[in-house]
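Here the structure is a predicted model, which is why all the values come from computation and not from measurement.
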Amino acid sequence: MFQSLTGKYDKSNAQISFYSGAGGDDAKDWTNMLVRMYLRYAQKRGFKTAQVDDDTIEIKGEYAYGTLKKESGVHRLVRISPFNSKKLRHTSFALVDVLPVLPHIEVQNFHIPEDDLKVEVSRSSGPGGQNVNKRDTAVRVVHIPSNISAASQLERSQQQNKEKAISLLKSKLIHLLQKHRTQELKDLRSHAKPEWGSQIRSYVLHPYKKVKDHRTDVQSNQPDKVLDGGLDKFIEAEIGLEEDES
């Protein structure tokens, strides 16, 4: 499978961010289910994982980004809502955004004017050692001109989390500059919003059970296994589709 992964960053680690669509508790729960699904997939593949903050995870391993990059897009869930007392069927949407963790030298050489950054601190709610819930160690950094942000509560100290968040932010900005073929950060203003578009995959738990990828037509009648990280046939088909298009 790796022979077809020849992109510039395909061998890199991956960072995956998750955005809940409209739908309140159902949408947030769906996002949490997706976080677990990708963590389980990574663990089964032998990749290392880290929860960077509530809505971002990092997958560490050779070809992690190349393997997962096609998972970017809108994921749709249909089920009986566990949050509805009338047990009505509910459709939820979540956006998955997969980016490469860029080489340190590339991030280090990418300059963002200090005045363009807003740093916010808060108490960490995740793993971070003895300082969790005692000190304001979680950090969120916002690129003011584009409103793109990144956060970290993975590390023990505020300074470490600030450095991690800025590194992730730079990765996002560099990726967008390359995607939109521009060299100016100011030109990202019109591209800053997450691109929702049509769903790439549907997960139906009611009235029948099926997971279907709308790009490759790969299907599974065992959504529970898919949601437990059983993504191999979907991802292999995505990589095969990319190879056919190249």
Here the gap from Gln15 atom CD to Ser167 atom OG, rounded to the nearest 0.5 Å, amounts to 8.0 Å

ring-ring contact (aromatic ring centres under 6.0 Å, His included) filter on Tyr65, not counting sequence neighbours, yields none

Separation between CG (Leu176) and OG (Ser171), nearest 0.5 Å, reads 11.0 Å

side-chain contact (heavy atoms from CB on, under 4.5 Å) between Gln51 and Leu39, worked out
CA-CA 9 Å; Gln51 187 96 27; Leu39 288 173; 3.9 Å; yes

Could you walk me through whether Val139 and Gln158 satisfy the side-chain contact (heavy atoms from CB on, under 4.5 Å) test, starting with their C-alpha distance in whole Å, then the side-chain angles of each, then the deciding distance to 0.1 Å, before giving a yes or no? CA-CA 7 Å; Val139 176; Gln158 184 184 115; 3.7 Å; yes

Problem - Within 6.0 angstrom of Lys28 NZ, more than 12 heavy atoms from elsewhere - result: yes

Nearest heavy-atom approach of Thr56 to Asp53 is N-OD1, 3.0 Å

(message) Between Val204 and Phe93, is there shared hydrophobic-cluster membership here, with clusters defined by ILVMFWY side-chain heavy atoms closer than 4.5 Å?
(response) no

Query raised in the report: Can Ser81 and Asp26 be counted as having a side-chain donor-acceptor contact under 3.5 angstrom?
Result: yes

Give the cluster check for Phe234 versus Leu5: same hydrophobic cluster or not, with ILVMFWY residues linked at side-chain heavy-atom distances below 4.5 Å. yes

Exercise. Answer yes if the side chains of Tyr9 and Glu106 hold a donor-acceptor pair under 3.5 Å, and no otherwise.
Key: yes

With sequence neighbours left out, the residues meeting side-chain contact (heavy atoms from CB on, under 4.5 Å) with Lys44 are Arg40, Asp228

Query raised in the report: Is Met37 reachable from Ile235 through a run of I, L, V, M, F, W or Y residues, each pair having side-chain heavy atoms under 4.5 Å apart?
Result: yes

Nearest heavy-atom approach of Pro100 to Ser12 is CB-CB, 4.3 Å

d(His206 NE2, His90 NE2) to nearest 0.5 Å is 14.0 Å

Report yes if the side chains of Arg140 and Ser122 come closer than 4.5 Å at any heavy-atom pair, otherwise no. no

Main-chain N/O of Val107 paired to Lys170 side chain as donor or acceptor, under 3.5 Å: yes

Going through the distances and angles, do Leu102 and Phe110 end up as a side-chain contact (heavy atoms from CB on, under 4.5 Å)? CA-CA 11 Å; Leu102 300 181; Phe110 184 76; over 6 Å; no

Is there a side-chain contact between Ser17 and Lys172 in this structure, where contact means two heavy atoms from C-beta onward sitting under 4.5 Å apart?
yes

Check your understanding: Just by modelled atom types, is the Ser157 backbone N or O under 3.5 Å from a matching donor or acceptor in the Gln160 side chain?
Key -> yes

Scanning both residues in full, the closest heavy-atom pair of Thr31 with Ala94 reads OG1-CB, 3.8 Å

- Task: May I ask you to decide whether Asp232 forms a salt bridge with Lys225, counting only side-chain N to carboxylate O separations under 4.0 Å?
- Result: no

Exercise. Which of parallel (below 30°), tilted (30 to 60°) and perpendicular (above 60°) describes Phe18 and Tyr38?
Worked result: tilted

Taking the side chain as every heavy atom from C-beta outward, state whether Ile57 and Thr49 have any atom pair closer than 4.5 Å.
no

Those residues at least two apart in sequence (or on a different chain) that pass side-chain contact (heavy atoms from CB on, under 4.5 Å) with Leu205 are Leu77, Arg79, Pro223, Leu227

Answer yes or no: is there a side-chain heavy-atom contact under 4.5 Å between Glu71 and Ile16? no

Looking only at heavy atoms, the pair that brings Leu99 and His175 closest together is CD2-CD2, 3.0 Å

Interatomic distance, OH@Tyr203 vs CG@Leu34, rounded to 0.5 Å, equals 6.0 Å

| task | Please answer whether the main-chain N or O of His75 pairs with a side-chain N or O of Trp30 as donor and acceptor at a distance below 3.5 Å. | result | yes

Residues at least two apart in sequence or cross-chain that pass side-chain contact (heavy atoms from CB on, under 4.5 Å) with Lys87, listed by chain then number, are Ile80

- Query: Is the backbone N or O of Glu155 less than 3.5 Å from a side-chain atom of Asn161, with the two atoms forming a donor-acceptor pair by type?
  - Reply: yes

When rounded to the nearest 0.5 Å, the distance separating CG of Asp10 from CD1 of Ile239 is 8.5 Å

* Would you kindly confirm whether Val98 and Leu177 end up in one hydrophobic cluster when ILVMFWY residues are joined by side chain heavy atoms under 4.5 Å apart? => yes

Interatomic distance, NZ@Lys48 vs CD@Glu58, rounded to 0.5 Å, equals 12.0 Å

Using a 4.5 Å side-chain heavy-atom cut-off and chaining through intermediate ILVMFWY residues, the residues clustered with Leu168 come out as Val52

Between Leu173 and His143, the two heavy atoms sitting closest are CD2-ND1, 3.9 Å

In terms of heavy-atom contacts, Ile148 and Leu169 come closest through O-CD1, 3.5 Å

* To do: Treating Ile, Leu, Val, Met, Phe, Trp and Tyr as nodes and any side-chain heavy-atom pair under 4.5 angstrom as an edge, say whether Phe47 and Val35 lie in one connected cluster.
  => yes

Could you pull out every donor-acceptor pair under 3.5 Å between side chains of residues 208-217 and any protein atom, sequence neighbours left out?
{"from": "Lys210", "atom 1": "NZ", "to": "Gln219", "atom 2": "OE1", "distance (Å)": "3.2"}
{"from": "Asp213", "atom 1": "OD1", "to": "Arg215", "atom 2": "N", "distance (Å)": "2.9"}
{"from": "Asp213", "atom 1": "OD1", "to": "Arg215", "atom 2": "NE", "distance (Å)": "3.2"}
{"from": "Asp213", "atom 1": "OD1", "to": "Thr216", "atom 2": "N", "distance (Å)": "3.3"}
{"from": "Asp213", "atom 1": "OD2", "to": "Arg201", "atom 2": "NE", "distance (Å)": "3.2"}
{"from": "Asp213", "atom 1": "OD2", "to": "Arg201", "atom 2": "NH2", "distance (Å)": "3.1"}
{"from": "Asp213", "atom 1": "OD2", "to": "Arg215", "atom 2": "NH2", "distance (Å)": "2.8"}
{"from": "His214", "atom 1": "NE2", "to": "Ser202", "atom 2": "OG", "distance (Å)": "2.7"}
{"from": "Arg215", "atom 1": "NH1", "to": "Lys70", "atom 2": "O", "distance (Å)": "2.7"}
{"from": "Arg215", "atom 1": "NH2", "to": "Glu238", "atom 2": "OE2", "distance (Å)": "3.1"}
{"from": "Thr216", "atom 1": "OG1", "to": "Val218", "atom 2": "N", "distance (Å)": "3.3"}

